[in-house]
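In what follows, a structure is listed as structure tokens, so that the remarks can point back to it.
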Number of protein chains: 2
Amino acid sequence: MQSSIVLYSQAEENYLKCIYALEMEHGEEVSTNLIASKIKTKASSVTDMLKKLSAKNLVVYKKYQGVRLTERGRETALRVVRKHRLWECFLVQKLDFKWDEVHEIAEQLEHIESDLLIDKLDAFLRFPKTDPHGDPIPDKHGRMVISKTVRVLDMRIGSSGILTGVKDSSGPFLKYLNKKNLALGDKIKVIDIEPYDQSVHIETRTHRLVISNNVAENLYLRNVK
Amino acid sequence: MQSSIVLYSQAEENYLKCIYALEMEHGEEVSTNLIASKIKTKASSVTDMLKKLSAKNLVVYKKYQGVRLTERGRETALRVVRKHRLWECFLVQKLDFKWDEVHEIAEQLEHIESDLLIDKLDAFLRFPKTDPHGDPIPDKHGRMVISKTVRVLDMRIGSSGILTGVKDSSGPFLKYLNKKNLALGDKIKVIDIEPYDQSVHIETRTHRLVISNNVAENLYLRNVK
DNA sequence: AAGAATATTTAGGTTAGTCTAAAAAATGTT
DNA sequence: AACATTTTTTAGACTAACCTAAATATTCTT
Ligand SMILES: [Mn+2]
Ligand SMILES: [Mn+2]
Ligand SMILES: [Mn+2]
Ligand SMILES: [Mn+2]
């Protein structure tokens, strides 16, 4: 027997996706204010929505205690994440968008409802494992491969790795990386970390540059040697 | 100077598209009830929306007199139609959907807002002139080529033509055509029209069959000889 | 352990888009 | 022209998703 598919509103989907991301990031109960700031809404609106999601068994919510996704909530969130990332792949690979242009459009496309559509899109793209920002794409069962990566800031001086992900995939940050000629797949060597402000001297195959501690926190490297 | 782009809600876009289609079909003021039945809502809801669209200068509306699109309203409707039909092309040509499976998904995709997206999609599809149901696709300026066609019902007995469009592109009707092995591009000859019930005997390259008057009204042929 | 500061919830309101029921206008019929 | 029928509009209500302001709970500081 297959569970009949239930539809959720765009607002509900956005809250679930947001709670999922915050759970991943913090690993514990997610607070009302944290959700409010991420979703750019007011705490009172969040409280309203948490009650609704709780009534639908998508989250476990007790007053003043924060929320957690239920199994059902996580599945739903992952379906939205899968759609978001697949559409981002489509936009970059098939329509020649730049990696800094796709997020807003994917925010809309992720709410299109059709399982057949998303599975056909997945096949059309040849079942990509990561999106244009290096984030893993859940398969139709919600499973994904999370590759082990290290923040540039946590690298040992002299070590190097391949740039495989960014924590912040907002337009401005990605445009900054474009300007500095940094892209996913680049080999990066950490030359030095300034003790005073944690800024990092790095070297790529083509150039050297200094990045701020803030930037160094947002770049993930793989295959450290 | 370029007119700044104004966003409309999905509901507003759906009403505009509906009014556009009814204007095309009837060539005069569109009535409240007609809109209500097409959009599957109540006449009172339509009246509410007409007031709103009128306030935004998208339609000309006078109580009890029906509505007409303004220039601005028609442009907006055509933008939605363009998106709907381009997405239908994408679904059929790139994702291997059948022509009877795409309408519902396109109803969702037509509301995705991004001019760049739709122009890139248009280019990716090599600027198609018609959608999978034979309907013309407006270009980015709202212009489209409307090819002259004749309903099967209006053909002279013995004449023939190429099936280039269907009036009804609902799933059930298209599935009926699939079952009867009729597809766009097929050459069809009208063998006889039964005077009693207007049913039509037709012949294709591969078979002969009888279609009801209802079906004969919904099939358009081009290139009659 | 009390008071201050912060976080969260509640109460009450707004808007978009829908609905039903009733009123009013337009149209059709004798 | 009067009455009946149909169409359209108005009035009033509902829900989802948001808001502000006020109340309450929790957490931090001394
Ligand atoms: Mn994104
Ligand atoms: Mn991404
Ligand atoms: Mn369609
Ligand atoms: Mn179509």
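Numbers restart at 1 for each chain; the letters A, B, ... are given by sequence-line order, proteins then strands.
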Applying the salt bridge (Lys or Arg N to Asp or Glu O under 4.0 Å) test to A:Arg82, which of A:Asp115, A:Asp122, A:Asp139 qualifies? A:Asp122
Side chain of B:Thr41, heavy atoms from C-beta onward: which of D:dC18, C:dT9, C:dT18 has the nearest atom to it? C:dT18
So which nucleotide from D:dC19, C:dT8, D:dT10 ends up closest to the side chain of A:Ser45? D:dC19
Looking only at side-chain N and O atoms, does [X] come under 4.0 Å of OP1 or OP2 in [N]?
| X | N | result |
| --- | --- | --- |
| A:Ser9 | D:dA16 | no |
| A:Asn33 | C:dT8 | yes |
| A:Thr32 | C:dT9 | yes |
| B:Tyr61 | D:dT9 | yes |
| B:Lys51 | D:dT10 | yes |

Determine yes or no for a side-chain-to-main-chain donor-acceptor pair under 3.5 angstrom, with A:Glu101 supplying the side chain and A:Lys98 the backbone. yes
Can you tell me the distance, in whole Å, between the [atom1] atom of [X] and the [atom2] atom of [N]?
| X | N | atom1 | atom2 | result |
| --- | --- | --- | --- | --- |
| B:Tyr8 | C:dT15 | OH | C1' | 18 Å |
| A:Lys40 | D:dC19 | NZ | C1' | 17 Å |
| B:Met49 | C:dT18 | CE | P | 6 Å |
| B:Glu12 | C:dA16 | CD | P | 9 Å |
| B:Asp48 | C:dA16 | CG | P | 11 Å |
| A:Leu34 | C:dT6 | CG | P | 17 Å |
| A:Lys62 | C:dT9 | NZ | P | 13 Å |

Does the Lys NZ or Arg CZ of A:Lys94 fall within the cation-pi geometry relative to A:Phe124 - under 6.0 Å from the ring centre and within 45° of the axis? yes
Check this for me: does any side-chain nitrogen of one of A:Glu12 and A:Lys56 sit under 4.0 Å from a carboxylate oxygen of the other? yes
Does B:Lys120, at its NZ atom, have more than 12 non-hydrogen atoms belonging to other residues, nucleotides or ligands within less than 6.0 Å? yes
At a cut-off of 3.5 Å, list every protein nitrogen or oxygen paired with a nitrogen or oxygen from nucleotides 21-27 of chain D, distance to 0.1 Å.
{"unit_1": "D:dA25", "atom_1": "O4'", "unit_2": "A:Tyr64", "atom_2": "OH", "d": "3.2"}

Is there a side-chain contact between B:Ser54 and B:Val60 (heavy atoms, below 4.5 Å)? no
Would you please classify the geometry between the B:Trp87 ring and the A:Phe90 ring as parallel, tilted or perpendicular, with 30° and 60° separating the classes? tilted
Which part of the nucleic acid, if any, lies within contact of B:Ala43, taking any heavy atom under 4.0 Å across all strands shown: a base, the sugar-phosphate backbone alone, or nothing? base
